[in-house]
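Below is one structure, written out as structure tokens, with a few remarks after it.
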Amino acid sequence: MDPRFLPHNSHRGSPTRFSANDPQLRHLAGCPFRHRSGLLDRFPRRTAGIFTLGGGRQTGKSTLLKQWMAELLEDGVPAIAVSYLSGELIDDHHGLMRHIEEHLSAVPHGEFNYLIVDEVTYIRDWDKAVKYAADAGMLDLTALVVTGSDLSFLQEARMRFPGRRGDAAVNDFHLRPLAFNEFVVLEAKVTDADDQFEEPFDLSEQTVDLIFDAFDRYLLHGGYLAAINDMAEHGAIRPSTLATYSDWIRGDVLKRGKQEAYLREVLSAIVTRYTSQVTWNGLAQDLSIDHPKTVADYVELLERMDAVAVLPALREDKLGPAPKKAKKLTFCDPFILHAVRAWLEPSSDPFKNQILVAPQDPVWASQIVEACVASHFKRLFPTYYIKAQGEVDIAYVHDGRFWPVEIKWTNQLRPKTLKQIARYDNGAIWSKSRHVGEIEGVEVRPLPIELLRVGKSLAGIP
């Protein structure tokens, strides 16, 4: 094995010491909170094929793969049959092919084996090497897992390897930041909100308070484990943690030939117009970027990086997007928003950029909450907003119809702002209220508790 890969393959020297020696697993062991993703139970075990793992930067893909390696070793897989390669150290498909051959030549004849190529999209024409190896029968006893932070590679893999991906029920996996319910489980402070509860009034008042308090924290650190552990250890998200994520965004965008000045403008426009309706033409007119398509290209790239979420307007009769209507732009997680803002609005005071408390401005807080809820729905369903005579914040499509949800993260609900949601017999209002109620004929439900339910539906999503 190339010596450059040895730090990530310490199991070759001592399989039983892998968790203690590996840099990612050693770091994880020292954190207050450690998460085991449900994807580990769906990863291949003695199932040959070409598998993909996608997800944005800093979501923990490398750590997840190391956890998988540790579990394989604990299950008795020989150390020589497991290899981890970093795509950042491989130039092109010729180099990748050499490393594939080197891995396979070291595995005893007839031994099932596992090969991981992390951040494979750094490798020029990587798919040529994989296609050749598959066609040559070299991967008949191999579970090959490739990862990337640009989600377009998942779709490309499906198109480039038809009939070559094996017989597994699921070949493509998507690692996202922790959903709200996963964070609640991680903290383990809520003990009676298990899978059996059906209504908020089944929960004790203490449990409801704990859920609301957990949601306040989630609006700060989102589902990013590094930020969650910062809050647990330091009571704030450290500037270095915020900078790590914003640096990854900038680095990945620049590697794709984009300009940092344009990136800054686009990100700033998303922040200042958070959850507001925008058009590419309107954004281009407000920015120094000349062409609307350039704006759209930057947003599309950020969306592929799992950083930005685009929420189209719903065409109600078609249950699909209304292409001529404005869109809403948000970030996929509250932590991304805070990291981007810390980069856009740097301070000479190193402590000023620490994220300590939830936003106090009620409008800004409501926008963050709306984006957070929308991102949860987007993991499960086609998700839109409604623009008709009035507006509804979220409308997700399920069971052949759309379900409108209005987000009201305020202390007082005003009937005149609810005229559009009241037009739908299946509409709901999610609010700050700790009790189920009704206004203008529309059911009002506690938002954090409803978000827990959405999160529980994510358990089986690969």
Side-chain angles (χ1 to χ4, degrees), residues 39 50-62 64 87-88 117-127 130 145-161 171-177 222-224 244-260 262-271 274 278 280 283 289 291-312 321 323 327-337 339-340 343 371 374-384 461-462:
L39 292 183
I50 302 169
F51 302 86
T52 62
L53 173 64
R57 288 287 195 172
Q58 300 298 306
T59 50
K61 295 191 300 297
S62 298
L64 177 69
E88 295 172 296
V117 186
D118 199 9
E119 295 298 344
V120 73
T121 53
Y122 279 97
I123 306 172
R124 191 167 58 254
D125 296 328
W126 64 272
D127 57 298
V130 174
V145 179
V146 296
T147 84
S149 299
D150 186 327
L151 296 179
S152 63
F153 102 101
L154 296 174
Q155 182 178 1
E156 291 171 0
R158 284 192 287 269
M159 293 188 300
R160 292 176 181 179
F161 308 123
N171 288 82
D172 300 310
F173 302 91
H174 189 168
L175 182 64
R176 297 176 173 89
Y224 282 80
T244 295
Y245 190 84
S246 60
D247 287 348
W248 277 121
I249 288 184
R250 291 157 59 197
D252 279 8
V253 168
L254 294 179
K255 286 174 184 175
R256 289 164 173 82
K258 304 297 185 183
Q259 299 182 37
E260 183 170 334
Y262 283 1
L263 172 66
R264 178 182 285 273
E265 285 194 63
V266 170
L267 290 175
S268 180
I270 294 173
V271 171
Y274 213 54
V278 300
W280 304 137
L283 286 177
I289 302 173
H291 203 285
K293 186 178 184 305
T294 304
V295 178
D297 287 344
Y298 274 77
V299 172
E300 180 186 355
L301 174 57
L302 291 166
E303 188 177 22
R304 296 201 316 260
M305 292 166 56
D306 245 9
V308 166
V310 178
L311 206 65
K327 301 170 175 60
K328 290 185 177 184
L329 303 181
T330 67
F331 295 104
C332 293
D333 186 274
F335 171 72
I336 303 177
L337 169 65
V340 167
W343 175 54
S375 69
H376 275 63
F377 275 115
K378 279 181 70 69
R379 298 186 187 195
L380 281 169
F381 311 109
T383 304
Y384 311 90
I461 303 298

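Nothing fancy with the numbering, it's 1 onward along the sequence.
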Supply the atom-to-atom distance [X] [atom1] to [Y] [atom2], rounded to the nearest 0.5 angstrom.
X	Y	atom1	atom2	answer
Arg250	Trp343	CZ	CH2	5.5 Å
Asp127	Thr121	CG	OG1	11.5 Å
Lys258	Asp297	NZ	CG	5.0 Å
Leu302	Leu267	CG	CG	5.5 Å

Taking the side chain as every heavy atom from C-beta outward, state whether [X] and [Y] have any pair of such atoms under 4.5 Å apart.
X	Y	answer
Thr330	Leu337	no
His174	Arg379	no
Lys327	Val299	no
Val340	Ile270	no
Leu283	Leu329	yes
Tyr122	Lys255	yes

Please give me the minimum heavy-atom distance between [X] and [Y], naming the atom from each residue.
X	Y	answer
Gly222	Pro334	CA-CD, 4.0 Å
Gly148	Glu119	CA-OE1, 3.9 Å
Leu311	Ala374	CD2-CB, 4.4 Å

message: If we ignore hydrogens and angles and just use 3.5 Å, is the side chain of Lys328 paired with the main-chain N or O of Ala309 as donor and acceptor?
response: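 Such a contact is absent between Lys328 side chain and Ala309 backbone.
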
field: Ile50 backbone acceptor or donor facing Asn171 side chain under 3.5 Å
entry: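 A pair under 3.5 Å: yes.
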
query: In a check of side chain to side chain contact (heavy atoms under 4.5 Å, CB included) between Asp118 and each of Thr147, Leu53, Val146, which one passes?
result: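 The option that passes is Thr147.
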
query: Out of Asp247, Ile249, Thr244, Ile336, which one pairs with Gln58 under the side chain to side chain contact (heavy atoms under 4.5 Å, CB included) rule?
result: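 Of the listed residues Asp247, Ile249, Thr244, Ile336, the side chain to side chain contact (heavy atoms under 4.5 Å, CB included) partner of Gln58 is Thr244.
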
query: Does the salt bridge (charged side-chain N to carboxylate O under 4.0 Å, His left out) test come out yes or no for Glu300 and Lys293, once each step is laid out?
result: CA-CA 10 Å; Glu300 180 186 355; Lys293 186 178 184 305; over 6 Å; no

task: Describe, in one word, how the ring planes of Tyr224 and Tyr245 are oriented to each other, choosing from parallel (under 30°), tilted (30 to 60°) and perpendicular (over 60°).
output: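 Ring orientation of Tyr224 relative to Tyr245: perpendicular.
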
